[in-house]
Amino acid sequence: MRWTAIKIARAGITMWLVVTFVFFVLRISGDPTDMLLPDDIDQATRDFYRRLWGLDQPLLTQYWSYLMALVQGDFGISFRNNLDAYDLVMERVPKTLLLTGTALIISLAIGIPLGILAALYRDSWLDRGVMAVAVFGFSMPNFFLGILLILVFSLQLRVLPSSGSGTWAHLIMPAATLGISFAAQFARYTRSSMIDVLSKPYMRTARSKGAGPGRRVTLHAVPNASVPIVTILGFKIGELIGGAVITETVFAWPGIGRLLTTAVGSRDLAVVQCIMILLALTMVTANAITDLIYGWIDPRVRVGAGATQK
């Protein structure tokens, strides 16, 4: 119970810090009326909107009012659309989940098998080839890869649409753009983890007992090598969502990443704050789930947690 309570307390503090940081940074960065209202508008109208949006109050008063509203589930009203910020964000969430979920499947389906093969054939041409491709994929920025795919498959070959989300074909290039970089990272992590596991004494013991190569890899090496990969996966989910901001902008994919770009540009405070809270909550939840999976895969974690509570 103590371990669980500590995790919950840390999650709560993290969320509060995110809310506080985003709130003050957005308000210090500039006046939303400068972006949302015409330049030639009179001062009386500008003051009216500042009062309407609560921007005429002291900063600490605004902060306290926002916290109290947030506790009640009120994320505020979009300055740009005059609609509930939470509803605007939730309309975009399914598209982002579809994109990031597909990209995650691509990255795991490509990265983990390549990493295992590179480790099994260490220092061979296959290993060097996989690592060279991994370094290339890891180093290439998402926006450059996205533009490159558009040039090849949309403008030259004309087989895939360059923007939008109307059909499954619209998903291929954004998901590939986002997934390739993470596939390269998973390949590197998997290779390192597998090489470490393959050198352990229990692998030699399994071999001496007559276990075949396939059995040693599937029943001994892969489960033990997956523990650090699962740990990294929790952090990579947050990076995946962060990378979706750029990818959605390049491909005009109507997700929360593109909405965030638009909201930041227009200083639509309520929408930006809602998205940042959602992203932080996703990170915290992903890390909590990772801890649970980590304990399920490696019983030593559960034993250690139980010993700590005692």
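Along the sequence shown, the residues carry numbers beginning at 1.
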*Please confirm whether the backbone N or O of Y121 pairs with a side-chain atom of S124, one donor and one acceptor, at under 3.5 Å?*
yes
*Identify whether I277 and V271 are in the same connected component of the hydrophobic contact network (ILVMFWY, side-chain heavy atoms under 4.5 Å).*
yes
*Does M15 belong to the same Ile/Leu/Val/Met/Phe/Trp/Tyr cluster as V71, with side-chain heavy atoms less than 4.5 Å apart forming each link?*
no
_Out of the candidates L260, V272, I256, only one should pair with V89 under the side-chain contact (heavy atoms from CB on, under 4.5 Å) rule; please name it._
I256
*So, the side chain of D268 versus the backbone of S78: is there a donor-acceptor pair under 3.5 Å, distance only?*
no
*Starting at SG of C274, measure out to CG of L259 and round the result to the nearest 0.5 Å.*
9.0 Å
*I would like to know whether L151 and Q156 meet side chain to side chain contact (heavy atoms under 4.5 Å, CB included); could you show each step before the answer?*
CA-CA 6 Å; L151 290 174; Q156 296 295 327; 5.5 Å; no
*Considering all heavy atoms, the nearest M173-L149 contact*: SD-O, 3.4 Å
*Is there a donor-acceptor pair under 3.5 Å between the side chain of R188 and the backbone N or O of A134?*
no
*Heavy-atom distance under 4.5 Å between the side chains of Q273 and F75, does that happen here?*
no
*asked:* As an exercise, state the distance from CG of N81 to OG1 of T262, rounded to the nearest 0.5 Å.
replied: 10.0 Å
_Side-chain donor/acceptor of D84 to backbone N/O of Y86, under 3.5 Å_ = yes
*Taking the side chain as every heavy atom from C-beta outward, state whether V130 and L117 have any atom pair closer than 4.5 Å.*
no
*Please walk me through it: do L67 and F23 pass side chain to side chain contact (heavy atoms under 4.5 Å, CB included)?*
CA-CA 10 Å; L67 285 183; F23 180 90; over 6 Å; no
Return a table of donor-acceptor pairs under 3.5 angstrom between the side chains of residues 54-65 and protein atoms on other chains or two or more places apart.
{"from": "Q62", "atom 1": "OE1", "to": "R27", "atom 2": "NE", "distance (Å)": "3.3"}
{"from": "Q62", "atom 1": "NE2", "to": "Q57", "atom 2": "O", "distance (Å)": "2.7"}
{"from": "Y63", "atom 1": "OH", "to": "W16", "atom 2": "NE1", "distance (Å)": "3.0"}
{"from": "Y63", "atom 1": "OH", "to": "T20", "atom 2": "OG1", "distance (Å)": "2.7"}
{"from": "S65", "atom 1": "OG", "to": "T61", "atom 2": "O", "distance (Å)": "2.9"}

_Distance-minimising heavy-atom pair for K95 and G255_ = CB-CA, 4.2 Å
*Indicate yes or no for a side-chain donor-acceptor contact from S107 to the backbone of A103 under 3.5 Å, with no hydrogens or angles considered.*
yes
_For A169, all residues meeting side-chain contact (heavy atoms from CB on, under 4.5 Å), sequence neighbours excluded_ = L160, P161, T167
*Rounded to the nearest 0.5 Å, what's the gap from CZ on R122 to CG on L120? Could you check?*
12.0 Å
*Considering all heavy atoms, the nearest S163-A252 contact*: CB-CB, 3.8 Å
_Euclidean distance, I275 CD1 relative to R92 CZ, rounded to 0.5 Å_ = 8.5 Å
*asked:* How about CZ on R46, more than 12 heavy atoms from neighbouring residues, nucleotides or ligands closer than 6.0 Å, or not?
replied: yes
_T102 and side-chain contact (heavy atoms from CB on, under 4.5 Å): which single residue from L104, T100, I106, L99 fits?_
I106
*Would D127 and R191 pass as an ion pair if we require N to O under 4.0 Å?*
yes
*Under 4.5 Å between any side-chain heavy atoms of R158 and F153, yes or no?*
no
_Which atom of R258 lies closest to which atom of T249, heavy atoms considered_ = CA-OG1, 4.4 Å
*Report yes or no: do N142 and T177 form a side-chain donor-acceptor pair below 3.5 Å?*
no
*In the single-linkage hydrophobic clustering (I, L, V, M, F, W, Y; side-chain heavy atoms under 4.5 Å), do I112 and L126 co-cluster?*
yes
*Trace of the side chain to side chain contact (heavy atoms under 4.5 Å, CB included) decision for F251 with H170*: CA-CA 9 Å; F251 291 96; H170 290 84; over 6 Å; no
*Taking atom CG of L88 and atom CZ of R80, what is their separation to the nearest 0.5 Å?*
10.0 Å
*Report whether F144 and L240 are members of the same hydrophobic cluster (ILVMFWY, side-chain heavy atoms less than 4.5 Å apart, transitive linking).*
no
*Rounded to the nearest 0.5 Å, what separation is found between the CG atom of N82 and the CG atom of L52?*
7.5 Å
*So do the side chains of L114 and F186 get within less than 4.5 Å of each other, counting heavy atoms only?*
no
*Which one of I246, T247, L148 satisfies the side-chain contact (heavy atoms from CB on, under 4.5 Å) criterion with F143?*
I246
_Please determine whether residues V18 and V245 belong to a single hydrophobic cluster, defined as Ile, Leu, Val, Met, Phe, Trp and Tyr linked transitively by side-chain heavy-atom distances below 4.5 Å._
yes
